[in-house]
Amino acid sequence: MTVDFGPVLLSLQLALVTTVILFILALPLAYWLAMTRSRAKPVVEAITALPLVLPPTVIGFYLLIALNPTSPIGAFWVSVTGDTLVFSFSGLVVASILYSLPFMVQPLQSAFEAVGRGPMEAAAMLRASKLDAFASVMLPASRRGVITACVLTFAHTIGEFGVVLMVGGNIPDRTRVVSIAIYEHVEAVKYGQAHVLSAAMLVFAFVVLLGVYALNRRQSVRVG
């Protein structure tokens, strides 16, 4: 029995790229949600949380329409890169960013809300700029939420199936991630290969959750 670990490496690459980009994009959004008193906050929170309740195929379907080469976004991407967004790694990254958005934003928002406005206001009184206060005060004070958000986003991206299949299809070395590979092995009645990849995913998920819970427990003890 031979097992192709290419989908595993592609999944890890997709999860890493998605986590880094989403962390940069989610920081200002989560901070705004944590601090704002705007009436638009519930609307933005609802939009951010949509991937938690929508079937992945629904998100994948609309992304397929929005990113195809005949759409404005897809046509622009083709004119710039010469490649399509759908059925490509770039398209998977876009889809993963949208699908994993609540897993990054919500832990960050909770962490910022727990810290509160006080430290930022104290930094402002010491004439620190907003960016400096955020980087040197808010982020270190929110490190537990930051780590949790990044770990959950990475792990959630690794396990994607529906959105990835709709947007990326099943192209070897291009869009075939580990969840798609498991599905393909089962379809082909190659249960041995499916077992190996599924067991690896199971161990990975357990280790990630164990690490998150251990981190939260240790941090809670320190705070208390």
Side-chain angles (χ1 to χ4, degrees), residues 7 10-36 38 40-68 71-74 77 84-113 142 144-170 175-183 201-202 204-205 208-209 211-213 216:
L10 189 63
S11 295
L12 293 173
Q13 182 183 358
L14 175 63
L16 180 62
V17 173
T18 299
T19 301
V20 172
I21 295 176
L22 193 50
F23 177 69
I24 296 171
L25 296 178
L27 272 180
L29 175 59
Y31 183 75
W32 181 81
L33 287 172
M35 300 300 168
T36 186
S38 170
K41 178 180 177 179
V43 177
V44 178
E45 286 181 317
I47 294 173
T48 303
L50 274 177
L52 294 175
V53 296
L54 279 176
T57 49
V58 173
I59 300 173
F61 172 68
Y62 284 116
L63 283 173
L64 194 60
I65 293 176
L67 303 181
N68 80 80
S71 72
I73 298 175
W77 185 263
T84 62
L85 268 175
V86 292
F87 307 118
S88 70
F89 183 79
S90 300
L92 291 187
V93 172
V94 174
S96 298
I97 287 173
L98 294 175
Y99 189 51
S100 296
L101 183 64
F103 292 87
M104 180 66 80
V105 171
Q106 292 186 353
L108 288 176
Q109 180 184 348
S110 298
F112 294 155
E113 288 173 343
S142 308
R144 183 177 62 178
V146 170
I147 295 173
T148 299
C150 291
V151 171
L152 289 180
T153 300
F154 187 90
H156 181 255
T157 305
I158 288 282
E160 286 181 21
F161 178 76
V163 173
V164 167
L165 185 61
M166 294 286 284
V167 176
N170 182 14
T175 63
R176 182 187 291 169
V177 295
V178 66
S179 58
I180 304 295
I182 292 172
Y183 176 77
M201 291 285 288
L202 180 63
F204 172 77
V208 167
L209 291 176
V212 170
Y213 283 122
N216 288 337

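Counting heavy atoms from C-beta outward, Pro56 and Met166 have side chains that stay 4.5 Å or more apart. Phe154 places a side-chain heavy atom less than 4.5 Å from the side chain of Leu16. Side-chain contact between Val44 and Trp32 is present, with at least one heavy-atom pair separated by less than 4.5 Å. Side chains of Leu27 and Phe112 form a contact here, defined as non-hydrogen atoms less than 4.5 Å apart. Put simply, the side chain of Gln109 does not reach to within 4.5 Å of the side chain of Leu29, judged on heavy atoms. Leu92 places none of its side-chain heavy atoms less than 4.5 Å from the side chain of Glu160.
Here the closest non-hydrogen pair linking Val167 and Gly91 is CG1-O, 3.8 Å. Nearest heavy-atom pair across Ile73 and Ala66 is CB-O, 3.6 Å. Annotation for Thr19 and Cys150: closest pair CG2-O, 3.7 Å, computed over non-hydrogen atoms. What you find for Pro107 and Ala149 is that their closest heavy atoms are CB-CB, 3.8 Å. The two residues Val105 and Ala26 come nearest to each other via the heavy atoms CG2-CB, 3.8 Å. Taking each heavy atom of Ala155 and Val208 in turn, the nearest pair found is CB-CG1, 3.8 Å.
The aromatic rings of Phe103 and His156 lie parallel to each other, with less than 30° between the two planes, well short of the 60° mark.
In this structure, Ser142 OG and Glu113 CD are separated by 10.5 Å, a value rounded to the nearest 0.5 Å. Rounding to the nearest 0.5 Å places CD1 of Ile21 at 12.5 Å from OG1 of Thr153. The line from CG of Leu25 to CG of Leu98 is 10.0 Å long, rounded to the nearest 0.5 Å. Annotation: the span from Leu50 atom CG to Glu45 atom CD amounts to 12.0 Å, rounded to 0.5 Å. To the nearest 0.5 angstrom, Lys41 atom NZ is 11.0 Å from Thr48 atom OG1. Remark: Ile24 CD1 to Ile97 CD1 distance equals 9.5 Å, nearest 0.5 Å.
Checked by atom type and distance alone, the side chain of Ser11 pairs as donor or acceptor with a backbone atom of Val178 at under 3.5 Å.
Results of the side chain to side chain contact (heavy atoms under 4.5 Å, CB included) test with Asn170 over Ile180, Val164, Val177 single out Ile180 as the only residue that passes.
Within 6.0 Å of atom CZ in Phe87, more than 12 heavy atoms from other residues, nucleotides or ligands are found, so the atom counts as buried in its surroundings. A 6.0 Å sphere centred on OH of Tyr183 holds no more than 12 heavy atoms belonging to other residues, nucleotides or ligands.
A side-chain donor-acceptor contact under 3.5 Å links Thr157 and Ser100.
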Can you list the steps and then say if Leu10 with Phe89 is a side-chain contact (heavy atoms from CB on, under 4.5 Å)? CA-CA 9 Å; Leu10 189 63; Phe89 183 79; 3.8 Å; yes

